[in-house]
Number of protein chains: 4
Amino acid sequence: MNTFGRNFRCTTFGESHGKAVGVVVDGCPPGVPLTEADIQPYLDRRRPGKSPLESARQEPDRVEILSGTFEGRTTGAPIALVVRNQDVRSGDYDALRDVFRPGHADYTWQAKYGIRDHRGGGRSSGRETLARVAAGAVAVRCLAPHGVAISGRVVSVHGATEPEAMEAEIRAARDAGDSVGGVVEVTATGCPAGLGDPVFGRLDAAIAGAMMSIGAVKGVEIGEGFGAALLLGSEMNDPITRPGFATNHAGGVLGGISTGQDIVVRIAVKPTPSIRRVQQTVDLAGEGREISIKGRHDPCIAPRIVPVAECMLALVILDAMLEQAKYRGFGGG
Amino acid sequence: MNTFGRNFRCTTFGESHGKAVGVVVDGCPPGVPLTEADIQPYLDRRRPGKSPLESARQEPDRVEILSGTFEGRTTGAPIALVVRNQDVRSGDYDALRDVFRPGHADYTWQAKYGIRDHRGGGRSSGRETLARVAAGAVAVRCLAPHGVAISGRVVSVHGATEPEAMEAEIRAARDAGDSVGGVVEVTATGCPAGLGDPVFGRLDAAIAGAMMSIGAVKGVEIGEGFGAALLLGSEMNDPITRPGFATNHAGGVLGGISTGQDIVVRIAVKPTPSIRRVQQTVDLAGEGREISIKGRHDPCIAPRIVPVAECMLALVILDAMLEQAKYRGFGGG
Amino acid sequence: MNTFGRNFRCTTFGESHGKAVGVVVDGCPPGVPLTEADIQPYLDRRRPGKSPLESARQEPDRVEILSGTFEGRTTGAPIALVVRNQDVRSGDYDALRDVFRPGHADYTWQAKYGIRDHRGGGRSSGRETLARVAAGAVAVRCLAPHGVAISGRVVSVHGATEPEAMEAEIRAARDAGDSVGGVVEVTATGCPAGLGDPVFGRLDAAIAGAMMSIGAVKGVEIGEGFGAALLLGSEMNDPITRPGFATNHAGGVLGGISTGQDIVVRIAVKPTPSIRRVQQTVDLAGEGREISIKGRHDPCIAPRIVPVAECMLALVILDAMLEQAKYRGFGGG
Amino acid sequence: MNTFGRNFRCTTFGESHGKAVGVVVDGCPPGVPLTEADIQPYLDRRRPGKSPLESARQEPDRVEILSGTFEGRTTGAPIALVVRNQDVRSGDYDALRDVFRPGHADYTWQAKYGIRDHRGGGRSSGRETLARVAAGAVAVRCLAPHGVAISGRVVSVHGATEPEAMEAEIRAARDAGDSVGGVVEVTATGCPAGLGDPVFGRLDAAIAGAMMSIGAVKGVEIGEGFGAALLLGSEMNDPITRPGFATNHAGGVLGGISTGQDIVVRIAVKPTPSIRRVQQTVDLAGEGREISIKGRHDPCIAPRIVPVAECMLALVILDAMLEQAKYRGFGGG
């Protein structure tokens, strides 16, 4: 299942150290202005190597549109987007060929498929998110004329909530050959009320699935989230006024359908599993091994997950808007 | 989207105060022993009115298998399960016809469809979960011979974590005409490694979507969940031993694929939105109104969500097992 | 796969001699007037026992709407339609429990599932089409305000094309303890141009799949169909005029998308496989057997397939209209 | 809907005169040996310009595998296949920018999307089938170890059934500036019994949809096909023997499920719509126009559809085998 979405369907492909990473976007409305210049900035935001606190892998990550546009506009045909891999140092990974890295997908991937491309994590690498971001950028472009905008930020790292303190936590982890987790919040503004399809296509269910599909994410909450478990009904319920609501404890979703308020999502990002500190593991033959991972890794992946989470939210919302547009376009009885 | 699952597909239907609630299960393996007696206990566990702390609605909730079995075994044909509604007091809801209850789906449902069955919440009622439980009971029956078992419990209510303290919180909320939230934990044991389909069909993504599709759920976490944001990589990573893992911070899922350990999921349940305390709202015409909801409601819905969450987890795991069985059944190249 | 359609999704269930046959319709637009009286006439048309040339099975086939409507209108929630079986004489089929009827699904069903409900064909019975007709009647109701109408007829039986000659062919086959095939034509008028989704969701592909999914259908053609293989391009191409087209050799579909002309479909219906004449077969143990089928069967099933084919065409067209409405509702870039 | 299949899912993209045509294959079993050399021969068979009776467009059509294999074997990850377009003479099509070619998708595509890439037919070009053939070649590779083989041939052209007579018909049409239709037959041998999913996922329904999704196909029949309408039941029914069946009027499918015999499919191919003879049409402004199409076109497209139809049949059968493998892999109750 490398396809996401019902109406705006994104099929991604590509391995970390393969020839390319890409996505085919099917179901994009026709007539939307779209060139590589609309997509590239999102890839640039996601790209590693922009600061000393990020992986040093250097990739230009230039996107090429192979199909689906004509004279600068989408045609309704599938849009293929491809990014060629370049800074591939597969040799760095030779030592990992037969050993399972703790916290990684190595063990489970082997259990599932009986074969795996170990180079840089192969398909399970964070590099896979590049395709999501490319597709998400197209979604953002489609959403813009409808007044929907999405933004995200890191709200905490290892418990710290101030920028400087967060950076200090990351630096400390890096210096210790370790890594650290954090929380990312993503908000969508301008969404109309009425998005989401009960009962299994609820907007919050789609968001939760989308966010949890991002590697390293271990929790998702909407509005008050886990805080709602500590509240009374009289505190949690948002009074309804004219127009709209007095508060937004619900995070913009009630009964699985958007309320017209901001949609507020938080995700828990685990510490990057690749660390220099020595860990216990086993190899393919089941023999005990010690491992110290020396590749180019982010000590905290939360900052680089921000654009990914934004793009996943954009994909979910656009998909729901297209679904809802169906009824409006068809008309009632 | 009232269908859940790719291989074991459940299509639910029915309103709280309509004629019936039910589900069609498509894709059930043939030859599984199944009668109403396998399903009824799950409906009984979910049924309201079993204690003074639950809604007093009295429903026998007797399930009838309309199709898909022959001489006590499934045939591979779709299994239709129907429960007739009986204790319907729609008159209780006449006052709610034109007014939006805070915290409920009334407002958003109206925004989406322009029409709604207001009686008892209609399709957005918690009574919809009855169909999930019926389908989930079939899934549990299919999983049993494979050694997979699922259990859940309330782990906290309004912050309290001891049974007596939790009950006291519920009682206090009820007596104040209020309601209270809680956290439910569900665990699956006996799952083989290798379940889940990268990248968008990850097992954790499917679980998150499934759980968040339950009304009143505002957060989902797996393993350490939001706690992972407070950890170092060296604390979060589970050392790999032979066989298996030394710890289970991951909650049984790595890279979206099951590790073979227990799968541990926690969900945040918001306080029941129906409360006797007076709340501000508006009516269909947009006029401000005060509302005090006097129907038969649970002051804390978390206990009744336990079997629902268990059943959703069973549906996800069975679906993933069928997906994975495809490769095993087909064989490699 | 007992679900049909992407937007207007119909999930059918039920066996010939089980408790009931039914369908859940998900994705019906809200606000459409709908009661049992809108559906019943289609079931009556399909019902057996209306003439001496049809099966004598007597079923009232009364449909009940279990969900999805409120005060006579659809709400957007799933519509469950159920018809209870009544005139079930399963004893008639005891002799068939262990033997495979030639031309039937007995052999293949057993090969697939290893178990089967042999009574009256179980799930593979023509009675399954009742659920399609119920769902199709809802689709017809949705299409009516949009000016789309669908009608069908038998165009030939055993080569005969005049009503009296066709009836004579059926009578002769019946009297000989045999059965006979025919061709049914179905036409949709009033369809807008632009329906269908290239490349795999083409309107003609969807129609072909829908028609071939009806038991007893062995061929499907659109417009000139197989006759097109005998034509020159200059004969086949429909000249384009203003407005529309001068001819309709294409049968209303070009490049998989509707042209705005009538959509014309023909299907080949094989002779009813149940015949009184003695046939060679084997039993479950593989022993050779002779079989003479004495149940209540139609000597020519083509007339009773007419409403089924109409309904399948209605389902396909409504589904495509909803898909296309999405773009209109969303707007361009 | 540019995705085909449930288990072996192929998402195609690309326009005739765009940068590339390609496909992403998702759901391929892991461990299958696969290199470009397995795919290229199928593209070579489909390639134009191999005889004076075919389009003179010269394309090397070299396929590149961008992802999903590792050390010459599939990994279970999506396989992206891309073919760059080269012999693009878009200028040839400038005259067609504003005019609708009769028998083509120009008119309907414009009606649907309001925008189209007119160059060489854009996405509606027969060049799109290249992606199907690439995906089909992978399917053939997967099927081979299971003993399933597929072959096709032209069985008639303009009514002629002998090779020399067929060639004469094509030559005559070409010389007259015209084109001509034909019939293609495709056969699968070695399929196990039990493939296909009642009632809407029947094997014959899937085949019909797959075949009709090929441009220029106007009819599909299985086994006796339309000939079945001329038979008696006693002639059509295949006697069952041990093992298997005495005859194969059914064409290898009964009740929508494979019988284990050869699967025999015939498709009606309309004459190529692009002809030099003058035709009546209109332009975008609705003004009447005369058109004579002078590009590089096949006077009869049936021969070049043979590998495409074979590949579509391979895709359907592999998809059904994977679906069926699910039950075998999971085991019964």
Side-chain angles (χ1 to χ4, degrees), chain C residues 1-2 4 100 102-103 105 108 111-112 124 128 159 178-183 193-194 197 199-202 204-205 208-209 212-213 218-226 228-234 236-240 242 254-255 257 259 268 270-273 275 277 279-282 286, chain D residues 1-2 4 100 102-103 105 108 111-112 124 128 159 178-183 193-194 197 199-202 204-205 208-209 212-213 218-226 228-234 236-240 242 254-255 257 259 268 270-273 275 277 279-282 286:
Chain C
M1 284 301 294
N2 293 277
F4 184 82
F100 302 127
T108 53
K112 182 173 191 65
S124 70
E128 167 265 324
D178 215 324
S179 64
V180 70
V183 173
D197 278 85
V199 293
F200 299 117
R202 291 165 59 115
D204 43 5
M212 199 69 101
S213 81
K218 299 299 287 185
V220 184
E221 57 181 16
I222 293 182
E224 291 291 338
F226 277 86
L230 303 171
L231 296 180
L232 298 173
S234 55
M236 178 70 192
N237 285 352
D238 299 304
I240 311 179
R242 181 175 183 177
L254 271 180
I257 303 176
T259 63
K270 74 173 184 179
T272 319
I275 56 175
R277 290 185 60 167
Q279 299 178 84
Q280 299 302 317
T281 187
V282 299
Chain D
M1 283 301 293
N2 293 277
F4 184 82
F100 301 127
T108 54
K112 182 173 192 65
S124 69
E128 168 264 323
D178 214 325
S179 63
V180 69
V183 173
D197 279 82
V199 295
F200 298 117
R202 291 165 59 116
D204 44 4
M212 199 70 101
S213 81
K218 300 300 287 183
V220 184
E221 58 183 15
I222 292 182
E224 291 290 339
F226 277 87
L230 301 171
L231 296 180
L232 298 173
S234 55
M236 178 70 193
N237 286 351
D238 298 306
I240 310 179
R242 180 175 184 177
L254 272 181
I257 302 177
T259 63
K270 74 174 186 179
T272 318
I275 55 176
R277 291 185 59 168
Q279 300 177 84
Q280 299 301 315
T281 188
V282 299

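Protein chains get the first letters and strands the later ones, always in sequence-line order, with residue 1 at the start of each.
Distance check: M1(D) CE to R202(C) CZ gives 14.0 Å after rounding to the nearest 0.5 Å. Separating the CD1 atom in I257(D) from the OG atom in S124(C) is a distance of 8.0 Å, to the nearest 0.5 Å. A distance of 8.5 Å separates CE in M212(C) from CE in M212(D), rounded to the nearest 0.5 Å.
Comparing A111(D), S179(D), A208(D) by how many heavy-atom pairs each has under 4.5 Å with chain C, the most go to S179(D). Comparing N2(C), V180(C), T281(C), V199(C) by how many heavy-atom pairs each has under 4.5 Å with chain D, the most go to V199(C). Considering only heavy-atom pairs separated by less than 4.5 Å from chain D, the leading option among A229(C), G103(C), G233(C), G181(C) is A229(C). When G223(C), G159(C), P239(C), G182(C) are compared by the number of non-hydrogen pairs under 4.5 Å with chain D, G182(C) comes out ahead. Between chain D and the residues I222(C), V220(C), V282(C), the largest count of heavy-atom pairs under 4.5 Å involves V220(C).
Counting only heavy atoms from C-beta outward, the side chains of P273(D) and N237(C) approach each other to under 4.5 Å. Contact annotation: the side chain of E221(D) never approaches that of E221(C) to less than 4.5 Å [non-hydrogen atoms, C-beta and beyond].
Proximity to chain D (any heavy atom under 4.5 Å) is shown, for R242(C), by both the backbone and the side chain. Looking at Q280(D), both its backbone and its side chain come within 4.5 Å of chain C, counting heavy atoms on both sides. Proximity to chain D (any heavy atom under 4.5 Å) is shown, for S234(C), by both the backbone and the side chain. Both the backbone and the side chain of T259(D) have a heavy atom closer than 4.5 Å to some heavy atom of chain C. Contacts between I275(C) and chain D at a heavy-atom distance below 4.5 Å involve the side chain alone, from C-beta outward. Only the side chain of D178(C) comes within less than 4.5 Å of a heavy atom in chain D; its backbone stays farther off.
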Checklist entry - Could you walk me through whether K270(D) and L231(C) pass the side chain to side chain contact (heavy atoms under 4.5 Å, CB included) check? => result CA-CA 8 Å; K270(D) 74 174 186 179; L231(C) 296 180; over 6 Å; no
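Counting all heavy atoms, side chain and backbone alike, S213(C) lies closest to F200(D) at OG-CD2, 3.9 Å. Listed here is the closest heavy atom pair of L232(D) and P271(C): C-CG, 3.5 Å. Taking all atoms of both residues into account, the shortest heavy-atom contact from G255(C) to A105(D) is CA-CB, 3.7 Å. For the residue pair G225(D) and A268(C), the shortest heavy atom distance occurs at O-CB, 3.6 Å.
Without hydrogens or angle criteria, T108(D) side chain to G194(C) main chain gives no donor-acceptor distance under 3.5 Å.
With sequence neighbours left out, D197(C) forms a salt bridge (charged side-chain N to carboxylate O under 4.0 Å, His left out) with K112(D).
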